[in-house]
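Working notes, beginning with the structure itself.
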Amino acid sequence: MAVIGVGRFIQQRQDFEDAIASSYRVEMAARVRLAEGAGGGAARAMVAAQANRRSELRDQISSDTRDTAILVAAGLIAGLTGALLLFSGLIASMRRPLEELVDAAGRLAGGDRSARVAVGGLSETATLGAAFNEMASELELEASQRDQLDRLKDEFVLTASHELRSPLTSVQGFAEILMLERDSLTPKQVETVEIILDNCRHLVRLLNDLLDLARSDAGRLAVTPRPTAVAPLIEDAVRTMRGQTESAEQLLSADVEPGLPLIDVEADRIRQILVNLITNAHEYSPIGASIEVTARVVDADVEIAVTDNGPGIPDTQLEHIFERFVRGDAGLTQRVGGTGLGLAISRSLVELHGGALAVESTVGIGSTFSFRLPVAGAPPAAGSSPAIAEAS
Amino acid sequence: MVKVLVADDSETILLLMRTRLELAGYEVETAVDGQEVTERLHEGEIGGLPDLLLLDAMMPRKSGIDALRELRAAGVDTPALIISAHQDAADANAPRDLEVNGYLTKPIDFDRLLGSIAELTR
């Protein structure tokens with residue numbers, strides 16, 4: 001509209017100038033005739049008429065110019081409004097798909113592998129949406145392949161552990177039968193059979209640990225806590241380990257605070273943790289070392305700790321000892337028969353009981369592994385909630 | 001003499017069981033799967049019922065669990081111990097209503113096994 005207005009303005013201006021010029025030419029011709037003495041009254045009337053005509057033309061052009069200016073202004077306003085409407089429409093058409101994309105990306109990051117967007121709108125957002133959907137589909141495919149691999153791995157560990165147990169039962173069983181008749185064996189033969197039996201026990205431990213890890217990875221490692229007395233648990237673990245520590249002339253002792261409350265745990269699993277920790281202390285400490293298991297009340301929990309005066313763990317190794325298949329320094333552990341899985345499993349088991357397995361160690365002084373367990377009948381996670389702490 | 005019927009699909013395990021249990025003074029019969037156990041008991045092939053059943057939880061053709069369930073349904077109340085390769089299998093396969101006198105895992109703790117047998121056949 002503004003363009004039409006400007007065009008009209010130029011046309012009007014042209015017409016006006018032509019008309020003024022023609023008026024002057026007519027007047028000039030009349031004046032020539034007057035100067036020549038011809039025309040007389042008629043020529044004078046013509047000169048006056050031309051002056052009037054120009055005055056009218058000037059009025060006309062100023063009125064036309066005003067109209068045209070209004071037209072141009074109106075055109076500009078209409079144009080701006082249109083542009084604004086178009087622009088806001090454009091923004092709206094981009095915004096909805098973008099909001100949808102942000103929402104879907106959030107869901108995808110949160111683990112919803114089926115998150116997709118409707119592809120539409122402007123070509124740019126449609127391209128973006130299609131690219132997002134393609135990426136999400138690939139992620140979903142990868143995740144499902146990973147799940148399948150995990151299932152296969154679990155199945156494999158389970159089957160392998162099952163299939164290995166029968167031959168292991170035979171090896172161990174027949175070696176035990178030989179040992180029943182040890183009186184008729186030479187000392188060398190007795191030693192040989194003992195080595196077979198030691199290695200059988202080691203294999204059993206390895207199989208049990210692998211099974212526990214597979215269960216833990218599959219989220220199937222679970223505990224069934226029951227109110228349990230602390231002292232018999234510790235005595236049981238110490239009794240299990242005494243033979244091995246005595247063979248290394250190590251002093252294994254227990255110091256249980258009298259009057260400890262019952263703890264809410266699965267007894268077998270706590271025994272397993274204790275045997276793991278005592279086994280580590282025994283295997284990494286020199287002949288004649290001391291290993292002490294202690295239990296006491298700390299805050300609202302019972303804290304159990306296994307302390308040795310062995311070589312200690314260097315800081316560089318300390319942060320890795322809970323990782324699976326990580327073992328202490330080889331130089332130190334030539335004779336160590338562990339699986340490298342004990343601490344990883346122990347930590348998972350402690351966490352399943354709501355605690356955390358901690359270690360403190362100083363090279364040349366020794367190491368302490370400790371964990372806290374909930375008292376039976378206490379509200380869950382007592383220590384971490386201020387409201388419950390106030391109430392108690 | 002106290003008679004024990006052992007079922008396992010491994011010949012070696014059967015030989016081990018026979019050797020160890022005979023050393024401990026038991027009479028031992030063996031079967032290679034649950035199918036053989038039920039057939040022989042039904043047909044009265046074994047001279048008189050055994051005093052104890054020692055069944056592997058997982059065997060081809062018929063598992064120890066299935067064989068025992070069949071025997072219990074037929075009114076056989078002979079004490080039975082189930083041996084499983086690991087606790088998972090025992091948990092997964094052991095129906096709560098089935099009358100089992102104990103579960104043992106492989107590798108077998110023979111002190112425990114002999115203790116259980118002595119108690120159940122007293």
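Fair warning: this is a prediction, and the values are worked out from it, not measured in the lab.
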**OP:** Indicate yes or no: does B:D56 engage B:K106 in a salt bridge with an N to O separation below 4.0 Å.
**Re:**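 A salt bridge is present here (some side-chain N lies under 4.0 Å from a carboxylate O).
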**OP:** With a 4.5 Å cut-off on heavy-atom pairs, point out which of B:I108, B:L23, B:L16, B:L15 contacts chain A the most.
**Re:**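 Looking at each option in turn, the highest pair count goes to B:L16.
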Subject >> A:R242 atom CZ, neighbour heavy-atom count above 12 within 6.0 Å >> reply: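 Yes, enclosed.
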Original post:
Should the heavy atoms of other residues, nucleotides or ligands under 6.0 Å from CD of A:Q145 be counted, would the total exceed 12?
Top reply: yes
Original post:
Of all of A:I177, A:L164, A:L168, which one pairs up most often with chain B through heavy atoms under 4.5 Å apart?
Top reply: A:I177
**OP:** Show your working on side chain to side chain contact (heavy atoms under 4.5 Å, CB included) between A:D236 and A:T240 and close with a plain yes or no.
**Re:** CA-CA 6 Å; A:D236 198 10; A:T240 307; 4.2 Å; yes
Original post:
Does the side chain of B:R69 come within less than 4.5 Å of B:R72's, by heavy atoms?
Top reply: no
Original post:
Are A:I270 and A:V230 close enough that some pair of their side-chain heavy atoms sits under 4.5 Å apart?
Top reply: no
Original post:
Taking only heavy atoms into account, what residues of residues 180-201 of chain A are found under 4.5 Å from chain B?
Top reply: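 From residues 180-201 of chain A, the residues near chain B are A:L180, A:E181.
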**OP:** Carefully, step by step, assess A:I273 and A:R347 under the rule side chain to side chain contact (heavy atoms under 4.5 Å, CB included).
**Re:** CA-CA 8 Å; A:I273 298 167; A:R347 180 164 72 170; over 6 Å; no
